[in-house]
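Read through the structure below, which is laid out as structure tokens, and then see the notes.
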Amino acid sequence: MAKFGFKQLHKDKKTRARVGEIMTPHGVIRTPAFVPVGTQGSVKSLTPEELDTIGVQLYFVNTYHMYLRPGIEVVKKAGGLHTFMHWDHPLMTDSGGFQVFSLGRSPVSFPRRRESVLVFEETRIPDQVGNDNKKMVKITDDGVEFQSHWDGSTHLFTPERSMEWQSALGGDIHIAFDDCTPYPVSHEKAQKSMERTHAWAMRSLKAHRQGALYGSIQGSVYEDLRKESARFIANQNFDGIAIGGVSVGESKKEMRNVLEWVVPLLPDDKPRHLLGVGEIDDIFTMIERGVDTFDCVAPTRLARTGSLYVRHGQIDITKSKYAKDLGPVEKSCTCYTCRNFTRAYIHHLFHVRELLAYRLATIHNLHFVHMVVNNIREAICANRFLDCKRQWL
RNA sequence: GUCAGGAUGGCGGAGUGGUCAAUCGCAACAGACUGUAAAUCUGUCGCCCUAACGGGCUCCCCAGGUUCGAAUCCUGGUCCUGACA
């Protein structure tokens, strides 16, 4: 099996943007690269072949979800995630750290940004166990006690277990178990969370057996903490660096700051992954500041709720103004959806809740993101990143 | 023609004397969604005024009536549906 490695091939002359290659046992990842999220072992609604056709090079699977269902043992017996899911290309597994954040909110709610302050609204997700106003996680220094969102049962996650399970799943890139700091948060709490993340990073490193391991940087929106965390993680023997604790409710400016503090402190010979960010404008923000890969649910989730990417924005295809629109979603798009279907048709599918709606929409949004990223990659090679950015935004 | 049942906001459909401008679903409109408890969630949804609290007006087929008070009870009318002829 090929070893893991990273090569920087070209750096843009005016920015930190760079083009590179990540070598993995399941093939090379050309960076910058967008990483779709397949939380439960599936990028919702699409087959691996369809993802491949779109240009998806690797995707993300969540250890927490696979552990709960179907269970690590099942995947292990199946021969690992690649075989289980029928995906031959690289895979990344998340540590479960994000669920510390997402299940740790009380009451169950959707966060909403409001002038860079996170407001929690009391809106429930229906039909799930354990949503009766209780936090579903309990953090200790040892690890995190989760209450299953399926049946309420209790499960302990530790760095050691996360490593063991990620190894059993067999993804190419693993992430150290971290404590995704919520927002807003005091400096004191952010520091505690960062220190816990560092301690867990060391334990992850020690317990780690196979596959590449990325250490995760935290520190919320505090410059001193972010820099401290970046230095700390950069100094350990990780194969790559993950930046976490962003897109948790902070403003875009705060997210930009984090990148500007952190990336200059990272070694050039390791790949950098930004966890959980990937709206179209963010893609430029990240790549410009030296991020190589980034995973995000936005394109796929937005697609399922009817928001489709078009140049310079997105449209809500469910609006009745598209009911008779016989043009493609985006005329400059060459995806399967845009080549063969009209806005009116997709509008209709959403309206009657046909399953094809979600598939066509997801194909389009993923294709669109890949089109943007491919474009950026070419632009970097020609030292034209900023021109490219201007052209898309 | 006789008997029975029914007419409620764009649609379906609750409500059967006051707390009803009227539950709920759909549609409509607006909004949200960034390491996915998400094919999801939130808000508005008779008209007018208010930033909001709130206030005013009109309203449950039509016309009368009973009552302090009616979408709800009574009388008449119109229309619809089912059964029997």
Side-chain angles (χ1 to χ4, degrees), chain A residues 34-45 59-65 68-69 92-105 107-114 119-131 136-137 146-152 173-181 183 214 216-218 242-250 252 255 273-283 285-286 293-307 314 316 318-321 323 349-362 369:
Chain A
F34 172 71
V35 185
V37 179
T39 308
Q40 315 200 70
S42 155
V43 174
K44 296 186 193 300
S45 86
Y59 63 92
F60 213 70
V61 173
N62 201 292
T63 304
Y64 169 83
H65 296 259
L68 287 182
R69 291 186 180 178
M92 245 174 136
T93 46
D94 195 6
S95 61
F98 183 70
Q99 278 62 46
V100 176
F101 163 79
S102 71
L103 301 181
R105 298 171 295 197
V108 172
S109 56
F110 288 92
R112 158 172 272 173
R113 285 191 185 78
R114 210 171 268 164
V119 176
F120 286 108
E121 300 194 337
E122 301 228 9
T123 55
R124 304 297 189 73
I125 296 169
D127 304 321
Q128 299 284 359
V129 179
N131 62 356
M136 296 170 73
V137 302
F146 286 100
Q147 275 208 279
S148 163
H149 64 275
W150 291 113
D151 59 14
I173 298 170
H174 306 175
I175 306 216
F177 191 59
D178 65 337
D179 177 20
C180 182
T181 314
Y183 178 92
Y214 283 27
S216 179
I217 294 169
Q218 291 289 336
I243 302 166
V246 284
S247 70
V248 289
E250 81 284 7
K252 298 234 180 200
M255 193 197 297
H273 181 88
L274 187 56
L275 288 160
V277 182
E279 285 172 357
I280 300 296
D281 58 331
D282 297 325
I283 291 175
T285 301
M286 294 183 280
T293 58
F294 39 94
D295 67 277
C296 191
V297 304
T300 48
R301 184 187 289 167
L302 287 172
R304 273 175 281 120
T305 61
S307 291
Q314 47 186 256
D316 181 349
T318 66
K319 301 280 189 215
S320 56
K321 62 181 164 182
L349 294 179
F350 266 99
H351 206 236
V352 297
R353 297 180 164 254
E354 275 294 338
L355 299 183
L356 187 56
Y358 313 112
R359 289 174 36 70
L360 294 180
T362 303
V369 169

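- Ring-centre distance between A:Y64 and A:F98: not below the 6.0 Å cut-off.
- Residue A:Q147 places none of its side-chain N or O atoms closer than 4.0 Å to OP1 or OP2 of B:A37.
- Searching all strands for a Watson-Crick or G-U wobble partner of B:G5 with both distances below 3.5 Å returns B:C80.
- Both A:G38 and A:L302 lie close to RNA chain B; mapped to their nearest nucleotides by heavy-atom distance, the more 5′-ward contact belongs to A:L302.
- B:A21 sits 10 Å from B:U58 when the C1' atoms are compared, rounded to a whole Å.
- Base pairing of B:A38 is not made with any nucleotide, judged by Watson-Crick or G-U wobble geometry with both donor-acceptor distances under 3.5 Å.
- With both ends at atom C1', the span from B:G6 to B:G77 equals 16 Å, rounded to whole Å.
- With the nearest nucleotide of RNA chain B identified for both A:I175 and A:T318, A:T318 has the one nearer the 5' end.
- Looking at A:R359 and A:E354, no side-chain N of the basic residue comes within less than 4.0 Å of a carboxylate O on the acidic one, giving no salt bridge.
- Counting distance only, with no hydrogens placed and no angle test, the side-chain atoms of A:S102 and the base atoms of B:U36 include no donor-acceptor pair under 3.5 Å.
- A 3.5 Å limit on both hydrogen-bonding distances identifies no Watson-Crick or G-U partner for B:A22.
- For the pair A:R353 and B:U40, the criterion of a side-chain N or O lying under 4.0 Å from OP1 or OP2 is met.
- The phosphate of B:C33 has neither OP1 nor OP2 within less than 4.0 Å of any side-chain N or O from A:S307.
- Between B:A28 and B:U81, the two C1' atoms lie 30 Å apart (nearest whole Å).
- Comparing the C1' positions of B:A38 and B:G12 gives a spacing of 28 Å, expressed to the nearest Å.
- Rounded to whole Å, the C1' atom of B:C48 lies 30 Å from the corresponding atom of B:A32.
- Nucleotides B:A70 and B:C11 are separated by 26 Å at their C1' atoms, to the nearest Å.
- Across the P atoms, B:G64 and B:A14 are found 29 Å apart, a figure rounded to whole Å.
- In this structure, CH2 of A:W150 is placed 7 Å from P of B:A38, rounded to the nearest angstrom.
- Remark: the A:R301 side chain and the B:U36 base include a donor-acceptor N/O pair separated by less than 3.5 Å.
- Using cut-offs of 30° and 60° for the angle between ring planes, the A:F34 and A:F294 rings count as tilted.
- With B:A38, B:A37, B:A32 as the choices, the nucleotide that has an atom nearest any side-chain atom of A:R304 turns out to be B:A38.
- For A:Q99 and B:U36, the CD to C1' distance is 8 Å, given to the nearest whole Å.
- Per the geometry, CG belonging to A:D295 stands 7 Å off P belonging to B:U36, to the nearest Å.
- Taking the O4'-C1'-N9-C4 or O4'-C1'-N1-C2 dihedral as appropriate, B:A37 has a value within 90° of 0 and is therefore syn.
- Comparing the P positions of B:U23 and B:G10 gives an interatomic distance of 14 Å, to the nearest angstrom.
- The side chain of A:D94 has B:U36 as its nearest neighbour among B:A37, B:A39, B:U36.
- Comparing atom distances between the A:Q40 side chain and each of B:A38, B:A39, B:A32 picks out B:A38 as nearest.
- Residue A:H351 has its side chain nearest to B:A28 when only B:U36, B:A28, B:A37 are considered.
- With B:A38, B:G31, B:A37 as the choices, the nucleotide that has an atom nearest any side-chain atom of A:K319 turns out to be B:G31.
- The backbone N or O of A:N62 lies less than 3.5 Å from no partner atom in the side chain of A:T39, so there is not a single donor-acceptor pair.
- Taking only side-chain atoms of A:Y358, from C-beta outward, the nucleotide of B:U40, B:A39, B:U36 with the closest atom is B:A39.
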